[in-house]
Number of protein chains: 2
Amino acid sequence: MAKTKDYKHFCAAARSLEVIGEKWSLLIVRDLLRGPQRFSDLLRYLNSITPKWLTARLRDLEEAGIVKRDAQEGRREVWYELTEAGRDLEPVVESLVVWGIKHAMRPPLPGERVHSDIILQGLVVALNRRLLAWPDNPVTWVFRFGSDEAHTLRFDGQLWSAHPGADDGADVVIESDPERLANILTAPSDERGGLPEGLTLKGDTQKATEFGAVFLAG
Amino acid sequence: MAKTKDYKHFCAAARSLEVIGEKWSLLIVRDLLRGPQRFSDLLRYLNSITPKWLTARLRDLEEAGIVKRDAQEGRREVWYELTEAGRDLEPVVESLVVWGIKHAMRPPLPGERVHSDIILQGLVVALNRRLLAWPDNPVTWVFRFGSDEAHTLRFDGQLWSAHPGADDGADVVIESDPERLANILTAPSDERGGLPEGLTLKGDTQKATEFGAVFLAG
DNA sequence: CTGAATCCGACACGATACTG
DNA sequence: CAGTATCGTGTCGGATTCAG
C-alpha cells in the first residue's frame, strides 16, 4: 500500500498520514468506532464507496494493525473491528468532527446519505465540546426515526453519550426523520424559531422547552 | 478542487476530510502553525513536495479559507499564513502527532529529512500529553544544533512550550544534531542507558540528570 | 444475498525542466 | 524567489462479474 503516500519526513503527523491518510480510511475507522461491523454494513454507511476500495482499505488497515478481521467458519458474514491502535484514532476523528461542525457543515445535499447514528455522534461531540448550550441538570432524550429506529442521548450531569435504542426513562421523545433533523441542525440561526415541521416533541413540558432552547432557538 | 474527494455523507468528519484530506494539506498547516512562511520555506520543510503541488494545495487552502496569501508590492517573496479556521486545525494536527508517536514512529530512514523544529514540536506534544515523564519543577532546556540553530524548551510548572532561539536562562544546554536526536528519541528503551555518542549535556548537574531521566533512561 | 475480483477511464500526483 | 509546463504513473470511481 501507500506507494505515493510517502512523505519522507521524520514527523509523527506525517507518519500518521502515511498510515491513515488514504481516502476512506478514517471514515471506516469512524464507523467501526461504533462497534464491530460487517462488510455490508460498512458498504452501506460509507454510501459511495465501491466494494473494491472497501476491500483494499480494510486490508491496508488490517496490515497496519488498526482493524481486525473476524471471519469465522460456518458463518456467512465477515466482521471487522478496531484493535487498540484503531480505537486510539478516536481523538483524530473527533477533532475532525469538531472542525467540520465549526467550519464545513451545511444542509445535506440531494444525493447525500443521512445516517441517524452519524448525526447523533456529531451531536454528542458538539454538546461535549460545548458548541451548543447545556441543560442545567441530567436529562435523557430519545430520538425516534420512523418505527424501527431509535437512539438515546443522555446527559449525566458531566458528559453526554449516545446509545442505540430507546431508553425507558426518556424525559423527552423527539420524532423526526434523519434528513429533517439534519436540516434543522444546519439551519442558520436566523431561520430558526419555534417548532419546525416534521419534528414532534413529547414528554415533560419543561424538559421539552429545554430541548427547544438548545436546538430550536433563534 | 477536490473533485474526487466527495464522500456524499452528511457527516462533519467527512466534510473536514473533503476540505483538508488531500495529500500535503495537513502538513502545510502543520508548518504554518509555527508562523507565517514563504513559499520556499514550505518547499524546504515539506522536502519531497514539488512546486506544482505546493502551489495547487496553497490555492485550495486559500479558497477554503484556511490560508491567507500575502504578496506585497515591491517584495519578491510571498508569505503564507493561517486564518482563524486554519489555526483551528491545530487539534487535528496534534491528535495525529499523538497517534503517530504511539503507533507509527521509527528511526529516520536514509532519505528522510529531519528538521529540528519538527522534533521539538513532537517533543512538546509528547510531554504535554504525558507520554514522557515530567520533571517536578519548572525548567528550561536549550537545544543547540550546530552553530546557528537553537531552540528553547520550557516547562512553566503547568505546560511545555517551544520557542525559537536560545534562551539565556537555560538550566541545561543540549548539543547534538537533528538526526542523532531523532535516533535517540526513537530508540527502543532496552537500547537506552547513559549518554549516547553525539550528544552533550552542559549546565546544572542535577537538572542534567533530570533531563537524562526523561530522555535517556532505559 | 455477502464478500469480493476484474476491466477501464478519469484525474491526482510525482519527476524533471523551464520561466518571470 | 515563486511559480509553470510537460509527461508519465498510481489511485480511485463505475460497471460488471463471480464464488460461497
Side-chain angles (χ1 to χ4, degrees), chain A residues 1-9 14 17-28 31-32 36-63 67-81 111-113, chain B residues 1-9 14 17-28 31-32 36-64 67-81 111 113:
Chain A
M1 79 171 226
K3 263 178 211 148
T4 73
K5 284 273 173 183
D6 177 16
Y7 288 111
K8 295 187 168 58
H9 292 200
L17 288 170
E18 285 178 4
V19 178
I20 42 77
E22 326 276 323
K23 191 167 180 186
W24 297 113
S25 297
L26 273 173
L27 294 184
I28 293 172
D31 286 337
L32 290 177
Q37 314 268 338
R38 293 172 298 181
F39 187 87
S40 49
D41 295 329
L42 293 170
L43 215 46
R44 183 159 20 85
Y45 271 98
L46 295 168
N47 188 30
S48 60
I49 198 173
T50 61
K52 166 187 170 176
W53 287 107
L54 180 54
T55 304
R57 283 298 92 88
L58 286 169
R59 295 285 177 278
D60 290 347
L61 291 170
E62 204 186 343
E63 195 182 348
V67 158
K68 194 166 147 290
R69 184 187 145 104
D70 180 11
Q72 296 199 6
E73 300 261 348
R75 194 183 50 186
R76 287 175 64 83
E77 326 93 70
V78 181
W79 288 80
Y80 293 91
E81 60 184 320
E112 239 172 48
R113 183 91 188 241
Chain B
M1 80 169 225
K3 264 178 211 150
T4 73
K5 286 272 174 183
D6 177 16
Y7 288 112
K8 294 188 168 55
H9 292 201
L17 289 171
E18 285 179 3
V19 179
I20 42 77
E22 325 277 323
K23 191 167 179 185
W24 298 111
S25 297
L26 273 174
L27 294 185
I28 293 172
D31 286 337
L32 290 177
Q37 313 268 340
R38 291 172 299 180
F39 188 86
S40 50
D41 296 329
L42 293 170
L43 214 47
R44 183 159 18 87
Y45 271 97
L46 294 167
N47 189 28
S48 61
I49 198 173
T50 62
K52 167 184 169 177
W53 286 108
L54 180 54
T55 303
R57 282 301 91 86
L58 285 169
R59 296 285 177 279
D60 290 347
L61 290 170
E62 204 185 342
E63 194 183 348
V67 158
K68 195 167 149 289
R69 185 187 141 106
D70 181 10
Q72 297 200 8
E73 299 260 349
R75 193 183 52 184
R76 273 182 77 77
E77 326 95 68
V78 179
W79 289 80
Y80 292 92
E81 59 184 319
R113 183 92 187 239

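Numbers restart at 1 for each chain; the letters A, B, ... are given by sequence-line order, proteins then strands. Computed over heavy atoms, backbone and side chain alike; hydrogens, waters and symmetry mates excluded. From a predicted model like this one, the values you see are computed outputs, not experimental measurements.
Each of A:Lys8 and A:Leu43 was assigned the nucleotide of DNA chain C with the nearest heavy atom; the assignment lying further toward the 5' end belongs to A:Leu43.
When rounded to the nearest whole Å, the span between CG of A:Leu17 and C1' of D:dT11 equals 17 Å. Between A:Lys23 atom NZ and C:dA10 atom P there is a gap of 17 Å when expressed in whole angstrom units. At whole-Å resolution of the value, NZ in B:Lys5 and P in D:dG13 are 9 Å apart. Rounded to an integer number of Å, the gap from B:Glu22 CD to D:dT11 P is 16 Å. The nearest whole Å value for the distance from the CD atom in B:Glu62 to the C1' atom in D:dA2 is 14 Å. Here D:dG3 presents its C1' atom at 11 Å from CZ of B:Arg76, a figure rounded to the nearest Å.
For B:Arg38 against D:dC1, no side-chain N or O and base N or O form a donor-acceptor pair under 3.5 Å.
Relative to the side chain of A:Phe39, the nucleotides D:dC12, C:dG3, D:dA2 differ in distance, and C:dG3 lies closest. Closest approach to the B:Trp24 side chain among D:dC12, C:dG3, C:dG14 is made by C:dG14 (side chain taken as heavy atoms from C-beta onward).
Contacts with DNA chain D (heavy atom under 4.0 Å) in residues 45-55 of chain A: A:Thr50, A:Lys52, A:Trp53, listed by number.
Here A:Tyr7 pairs with B:Trp24 under the ring pair (Phe, Tyr, Trp, His ring centres under 6.0 Å) rule; sequence neighbours left out.
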